[in-house]
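Notes for the one structure printed next.
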Amino acid sequence: MGSITRPATLTPEIRQSWERCLEAGLDPHRPPEPVYADAATVREARDRHELTRRLALAEMHNLYHQISGSNFMIALGDPGGMVLDTITDDTFRTTAEAKNIRAGGLWGELQQGTNALGLASAMKAPVTVHGPEHFFRMYDGLTCNAAPIFGPSGEIAGILDASSDCRSRQRHTMALVKMSVRQIENGLFRDLHRNDLVLIFHTRAEYLRTLSAGLLAVDPTGTIIAASAQAAFFLQGLPARPGHHFAELFRTGFLDFLDESHRRDRVRLEDHEGSSYVVAIDNLHKVCPLHRHQEPKPKSQPRPAPRTPSPDFIAEDPAVTALLTQVAGATARGVPILIRGPTGTGKELMARHAHAVSGRTGAFVPVNCAALPDTLIEAELFGYAEGAFTGARRGGAKGLVNEADGGTLFLDEIGDMPVQLQSILLRLLDDWTIRPVGSSARRTVDVQLVAATNANLEEAVQTGRFRADLLYRLNTIEITLPPLAERKDFHRIARHLLHIIDPAASIADTALALLAQRPWPGNVRELRSVLTRLAITADRSVIGAEHLNAPAPPPAPAPASTLERAVIDQVVATWEQSGRNITETARRLGVTRNTVYKKLRTMSNYVKSGPRGGIDD
Ligand SMILES: Nc1ncnc2c1ncn2[C@@H]1O[C@H](COP(=O)(O)OP(=O)(O)OP(=O)(O)O)[C@@H](O)[C@H]1O
């Protein structure tokens, strides 16, 4: 390699990459200026890789939390090595290297010399490039781990990279990157085959819902359409390839297998080599109506064309208007919507709007996940047959999911959903069939799912409080409502709320301008409380700047019991300390969100228009 002496030893892959760089005339001491694609090209590439990107972003957040605190960044590249997205640690963000790794950056070998993202794309294999193994000296301080993401047909769908300062190098980072890639690949496989039967199998039942399970897509006659890499690994020596038949792999007949799958969630199968597997089909009832106990009611049944979105709340902020379009598109396709945003930003209003524009004639059924009882959850959701358990009502109960049939199920505070319920919900999302407790009959429901949360679900995934696979299923369409302080339509919202509070009340522009400068941690809900107080204080005169600083009216009488008062004070104090975050308050006090709500509501009844503002919802 001529005068270039560093590093002393190079692996064959990296040496070959260096040779390619030298042949192309690159000089390790004189890197060319980094090249960036323009914004339109990045947008177009992001659109083209929309699904990979959506699955990858969820994984990148996971990865971020797994390796956080170690001075690093995570990047998603398109198949050719152009960076589409990055998530960067605060410490790393300020480094010169990090500044070069940003959306639009071209990280092919010929642009940036030997580097993990470019090399993984060229080699179609995972690779680590450590310190001086980088061709350009300016990247000597980095350790990069990159792995290609393969699409279901074997093509490269993207590249996932985790780069860090090489002094904070962590040996297990590559293993984590590969796990994330597997998760994304499984997501791509399941999405592509959502209308085929997807058999999930493993030699051990406890690994059925893990990354190491094999996925096999077959059509309703049993002909193989595709096999994941892990499925091909399990079925080595057998023709697990498109065009072959289920019967060439397993000893049980395909129809017998389907019949048994309708009776049980998991079925045992033995392959022709003698290996035994536990197999589940999540979307059996959706794909195979012939074998249903009941007449199907597919989700894809034609439904009235969605109406033009015209919400009955204020949505004149351009960011919110764009969300309305997304919501209308999602309901037209019947895909789940996840609404995020801080407390009081209008998530429930948006969910109701989703129901209104969907054109669905069934009910809008709100469920507060934090308030669901720990026991009898299934009965609550899926209903129960008469006599199913002690205390069951005569005639049984319909269940919330059933009530939402033909309509919308709104799962509020989804981040507080008990883990036990999460796996039940996951199964429901796969086939939309329910079986009331104590009944043997299954039935398919047609439900638009909308979930909402102000919790950090990625963090909840990290701490094991929320299932990652459920998050991916729920966030098919994810929208985030902006905090009130960032909204461009603040004035319109304030006037609208004031009109609802008291149609005769009015407010001066100066007062509105002052209000618009406040931080509004409680968002629209807090604004409503403050306007209620102002309307009372101004007593029918125009609300002006002078009313804003008027002393609050004296507190209403305390509740009867001092003990109750002490409890409420404790809840209120914790609520204030946690930035008025109900989830955090509940966590700190070790009670349910519902308890916090109840106590705060009691508080708001006796401090109706006090300085803290009331709680309402
Ligand atoms: N854009 C808006 N226009 C008018 N009123 C609004 C708007 N957004 C929210 N509100 C009002 O603010 C209050 C809170 O809204 P909502 O309950 O939908 O918020 P949320 O985000 O679901 O709150 P939480 O996270 O606490 O459950 C309601 O009284 C609602 O009517």
Side-chain angles (χ1 to χ4, degrees), residues 309-324 327 337-357 364-372 408-417 450-457 460 478-503 507 512 515-516 520-533 535 571 575 578-587 592-601 603-604 613-617:
S310 56
D312 51 6
F313 53 93
I314 306 299
E316 291 175 15
D317 180 294
V320 180
T321 317
L323 300 182
L324 295 178
V327 164
I337 304 172
L338 177 63
I339 308 176
R340 304 179 94 160
T343 180
T345 43
K347 295 185 290 298
E348 177 159 355
L349 279 188
M350 186 61 98
R352 289 183 186 276
H353 173 69
H355 177 63
V357 293
F364 175 86
V365 180
V367 179
N368 184 340
C369 299
L372 278 173
T408 302
L409 184 68
F410 174 49
L411 298 177
D412 199 5
E413 316 298 347
I414 188 94
D416 290 327
M417 179 178 265
V450 183
T453 183
N454 57 19
N456 181 339
L457 290 185
E478 178 177 321
I479 62 167
T480 303
L481 285 167
L484 178 62
E486 283 172 19
R487 287 187 67 150
K488 309 264 181 299
D489 52 359
F490 179 91
H491 286 49
R492 284 278 296 122
I493 294 179
R495 289 197 192 281
H496 168 84
L497 292 176
L498 190 61
H499 183 75
I500 295 173
I501 294 162
D502 180 356
I507 181 162
L512 265 188
L515 285 177
W520 300 111
N523 296 296
V524 185
R525 181 178 291 123
E526 186 184 1
L527 175 63
R528 199 173 77 174
S529 295
V530 168
L531 289 171
T532 307
R533 175 162 64 82
V571 174
W575 179 62
S578 20
R580 298 187 172 193
N581 181 318
I582 292 190
T583 305
E584 179 57 18
T585 312
R587 197 188 64 74
T592 66
R593 282 180 49 92
N594 207 28
T595 306
V596 176
Y597 268 126
K598 276 197 210 134
K599 297 295 171 209
L600 290 176
R601 259 198 217 111
M603 181 276 292
S604 84
I615 305 295
D616 55 30
D617 51 8

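Order of appearance sets the numbers: ligands from 1, and atoms from 1 within every ligand. Just so it is clear, the model here is predicted, and its values are computed rather than measured.
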task = Would you mind telling me if ligand 1 is within reach of the side chain of M350, the backbone, both or neither, using heavy atoms under 4.0 Å?
result = neither

request  = Give the ring-plane orientation class for F364 versus H355, where under 30° counts as parallel, over 60° as perpendicular and anything between as tilted.
outcome  = tilted

query = Which ligand 1 atoms, with their elements, are less than 4.0 angstrom from a heavy-atom of G346?
reply = 8 (N), 9 (C), 15 (O), 16 (P), 18 (O), 19 (O), 20 (P), 21 (O)

query = For L515, does its backbone N or O pair with a side-chain atom of W520 as donor and acceptor, under 3.5 Å?
reply = yes

query = Less than 3.5 Å between some nitrogen or oxygen of L497 and one of ligand 1, yes or no?
reply = no

query = Out of curiosity, K347 NZ to T480 OG1, how far, rounded to the nearest 0.5 Å?
reply = 10.0 Å

ask   = Would you say T345 and ligand 1 have an N/O pair spaced under 3.5 Å apart?
value = yes

task = Just go through D412, L349, D317, N454 and tell me whose heavy atom is the nearest to atom 31 (O) of ligand 1.
result = L349

request  = Any chance you could measure N454, atom CG, to N523, atom CG, to the nearest 0.5 Å?
outcome  = 10.0 Å

Any A452 heavy atom less than 4.0 Å to ligand 1 = no

Any N or O of V524 closer than 3.5 Å to N or O of ligand 1 = no

request  = Go through the steps to decide whether V450 and L411 satisfy the test side-chain contact (heavy atoms from CB on, under 4.5 Å), and finish with yes or no.
outcome  = CA-CA 6 Å; V450 183; L411 298 177; over 6 Å; no

ask   = Which distance, rounded to the nearest 0.5 Å, do you find between the CZ of R533 and the CD1 of I501?
value = 11.5 Å

request  = Consider only side-chain N and O atoms of R340 and T453, and report whether a donor and an acceptor are under 3.5 Å apart.
outcome  = no

remark   = Min over E413, H496, R487 of heavy-atom distance to atom 4 (C) of ligand 1 lands on H496

key: Per-atom contacts, ligand 1 versus T343 - under 4.0 Å to a heavy atom   = 24 (P), 25 (O), 26 (O)

key: Polar contact flag for I314 and ligand 1 (N/O pairs, less than 3.5 Å)   = yes

